[in-house]
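Report on one structure; see the data block that follows.
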Amino acid sequence: MYFPQFLVGMFATSFVVAIWADMATGSVWKALGWAVLAMVILQLGYIGLVVRRIYRRESEVVEGNGASGARARDLQRDRPAL
């Protein structure tokens, strides 16, 4: 998942959480707090997945599969086009 797609999803999710919290509590401030909390949790999850993906890729290269040409082509294919 690319970062712009993640941002759209994060804002849409936090908007839904804010509306739900406002309807449940009747407080705009509590709704804002829940929306910010949802954004923080989603951001931490995204960062965790990116770190996991980077660590996993490096560990595969260290194990000896990184020297092969096929693995290098796989790494190039995974990179987004500029």
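Going from atom OG of S14 over to atom CD1 of I41 covers 12.0 Å, rounded to the nearest 0.5 Å. Residue L42 holds its CG atom at 9.5 Å from CG of L37, rounded to the nearest 0.5 Å. Atom CH2 of W34 is separated from atom CG of D22 by 14.0 Å, given to the nearest 0.5 angstrom. Within the model, atoms CZ of F6 and CZ of F11 stand 9.0 Å from one another, a figure rounded to the nearest 0.5 Å.
Residues A31 and A21 come closest through the heavy atom pair CA-CB, 3.7 Å.
Side-chain contact between M10 and Y46: absent, with no pair of heavy atoms (C-beta onward) separated by less than 4.5 Å.
Put simply, M39 and L7 are part of the same group of oily side chains (I, L, V, M, F, W, Y) that touch within less than 4.5 Å, one to the next. Linking ILVMFWY residues whenever their side-chain heavy atoms come closer than 4.5 Å, directly or via other members, places F15 and M23 in the same cluster.
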Check against side-chain contact (heavy atoms from CB on, under 4.5 Å), R56 and R52: CA-CA 6 Å; R56 197 160 152 204; R52 178 179 159 217; 3.5 Å; yes
